[in-house]
Q: 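Below are the structure tokens for one structure; questions will follow.
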Amino acid sequence: VEVGSLFLWRQLELSVPPKATRRLPVPNLLLLLQLLALLLITLALARPTRSGGEPPVDHWIVLLDASASMEAVVDGESAFDEARAHLAARLGSQGRLPARVTLVRVASSPAIELARIRRPESVIDAVEALRPAHTGADWARVPAMVRGLTLAGERTRVTVLTDAPGRIAAGVLENVAGGMIDGGAD
């Protein structure tokens, strides 16, 4: 192929800029501040917790079933002993404990053993001293008692330690407003 002149081709070659090389942007203080603000807003919206996912609690109400059925022994340990051990383990754990703990012994006549105690050691001592009754448990009186223990605006957790958690939690405590209901003697 014959070309009359290379003059136009050389001008075209000079007008096309060379390919840009990839490189990081120049550090900019304003950009870094914006990224930091974005990170903080993201963390605030995510609401991270340190308590293993459980929301913090101001008042923990423990309902310990002290009926005769809790004396039944399975694998060498009674359900009452298992409930006491479970409660002692939760109170002795290094996790975030509630500000106050209330212990209610549910027997034929439910009774508040400790109310709004701030020291877990006191609750553990009281739990060790408890014994099951040789009667049934009067769960019908418990909801009114629990409502009387709660305060408006207070984050309250109600834990039921019993050998029949499904029946008790579903049938009786569903009308205790404002509390989160745990169940069982693990």
Q: Heavy atoms only: give me the nearest Gly136-Ser67 pair and the separation to one decimal.
A: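 Looking at all heavy atoms of both residues, the shortest contact is C-CB, 3.9 Å.
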Q: Do Trp60 and Val158 touch side chain to side chain, with heavy atoms closer than 4.5 Å?
A: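 No, their side chains stay 4.5 Å or more apart.
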Q: For the CG atom of Leu87 and the CD1 atom of Ile124, what is their distance to the nearest 0.5 Å?
A: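 Interatomic distance, Leu87 CG to Ile124 CD1, rounded to 0.5 Å: 7.5 Å.
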Q: Given a cutoff of under 4.5 Å between side-chain heavy atoms of I, L, V, M, F, W and Y, with clusters grown through shared members, what are the other residues clustered with Leu35?
A: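 Its cluster partners, ordered by chain and number, are Leu31.
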Q: Can you see which heavy atom on Ala66 is nearest to which on Arg131, and at what distance?
A: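 The pair with the smallest heavy-atom distance is CB-O, 4.4 Å.
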Q: Could you grab the distance from atom CG of Leu103 to atom CG of Leu130, nearest 0.5 Å is fine?
A: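 It comes to 5.5 Å.
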Q: Out of curiosity, does Ile112 fall in the hydrophobic cluster containing Ile61 (side-chain heavy atoms, cut-off under 4.5 Å, transitive links)?
A: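 Yes: a chain of side-chain contacts under 4.5 Å links Ile61 to Ile112.
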Q: Could you tell me which residues satisfy salt bridge (Lys or Arg N to Asp or Glu O under 4.0 Å) with Arg116, sequence neighbours excluded, listed by chain and number?
A: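 Testing Arg116 for salt bridge (Lys or Arg N to Asp or Glu O under 4.0 Å), a comparison that skips the adjacent residues, returns Glu154.
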Q: I'd like to know whether Val101 forms a side chain to side chain contact (heavy atoms under 4.5 Å, CB included) with Leu114, so could you lay out the CA-CA distance, the side-chain angles of the two residues, the decisive distance to 0.1 Å, and finally the verdict.
A: CA-CA 8 Å; Val101 178; Leu114 297 171; over 6 Å; no
Q: What closest approach, in Å, do Ser78 and Met70 show between heavy atoms, and which atom pair accounts for it?
A: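 Taking Ser78 first and Met70 second, the nearest heavy atoms are CB-O, 3.6 Å.
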Q: Does Glu77 have any side chain to side chain contact (heavy atoms under 4.5 Å, CB included) partners at least two apart in sequence or in another chain, and if so, which?
A: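 By the side chain to side chain contact (heavy atoms under 4.5 Å, CB included) rule, Glu77 matches Asp81, Glu82.
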Q: Looking at CG of Asp138 and OG of Ser108, how far apart are the two atoms once the value is rounded to the nearest 0.5 Å?
A: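 Here the rounded value is 7.5 Å.
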Q: Rounded to the nearest 0.5 Å, how far does CG of Asp58 lie from CZ of Arg157?
A: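 That separation rounds to 11.5 Å.
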Q: Output all residues satisfying salt bridge (Lys or Arg N to Asp or Glu O under 4.0 Å) with Asp125, sequence neighbours left out; order by chain, then residue number.
A: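 With sequence neighbours excluded, Asp125 shows a salt bridge (Lys or Arg N to Asp or Glu O under 4.0 Å) to no residue whatsoever.
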Q: Rounded to the nearest 0.5 Å, how far apart are CZ of Arg147 and OG1 of Thr156?
A: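 Taking CZ in Arg147 and OG1 in Thr156, the distance rounds to 13.0 Å.
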Q: Would you tell me whether Thr150 and His59 have side-chain atoms, one donor and one acceptor, within less than 3.5 Å of each other?
A: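 Note: Thr150 and His59 side chains miss the donor-acceptor criterion.
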Q: Identify the two heavy atoms, one from Ala79 and one from Asp163, that lie closest to each other, and give their separation to 0.1 Å.
A: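 Smallest interatomic distance, heavy atoms only, reads CB-CB, 4.2 Å.
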Q: If you apply the rule side chain to side chain contact (heavy atoms under 4.5 Å, CB included), what do you find for Leu161 with Val62, and how did you get there?
A: CA-CA 7 Å; Leu161 297 175; Val62 179; 3.8 Å; yes
Q: Would you compute the distance between atom CD of Gln34 and atom CG of Leu36 and round it to the nearest 0.5 angstrom?
A: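 Interatomic distance, Gln34 CD to Leu36 CG, rounded to 0.5 Å: 11.0 Å.
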Q: So Leu63 and Trp139, side chain to side chain contact (heavy atoms under 4.5 Å, CB included) or not? Walk me through it.
A: CA-CA 10 Å; Leu63 305 176; Trp139 289 99; 4.2 Å; yes
Q: Could you list all the salt bridge (charged side-chain N to carboxylate O under 4.0 Å, His left out) pairs where at least one residue sits in residues 23-35, not counting sequence neighbours?
A: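 Counting only pairs at least two positions apart or across chains, no salt bridge (charged side-chain N to carboxylate O under 4.0 Å, His left out) contact touches residues 23-35.
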Q: Any chance you could lay out the side chain to side chain contact (heavy atoms under 4.5 Å, CB included) test for Val104 and Val142, step after step, and finish with the verdict?
A: CA-CA 9 Å; Val104 178; Val142 172; 5.6 Å; no
Q: For Arg105, which residues count as a salt bridge (Lys or Arg N to Asp or Glu O under 4.0 Å) partner, sequence neighbours excluded?
A: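 Salt bridge (Lys or Arg N to Asp or Glu O under 4.0 Å) list for Arg105, sorted by chain: empty.
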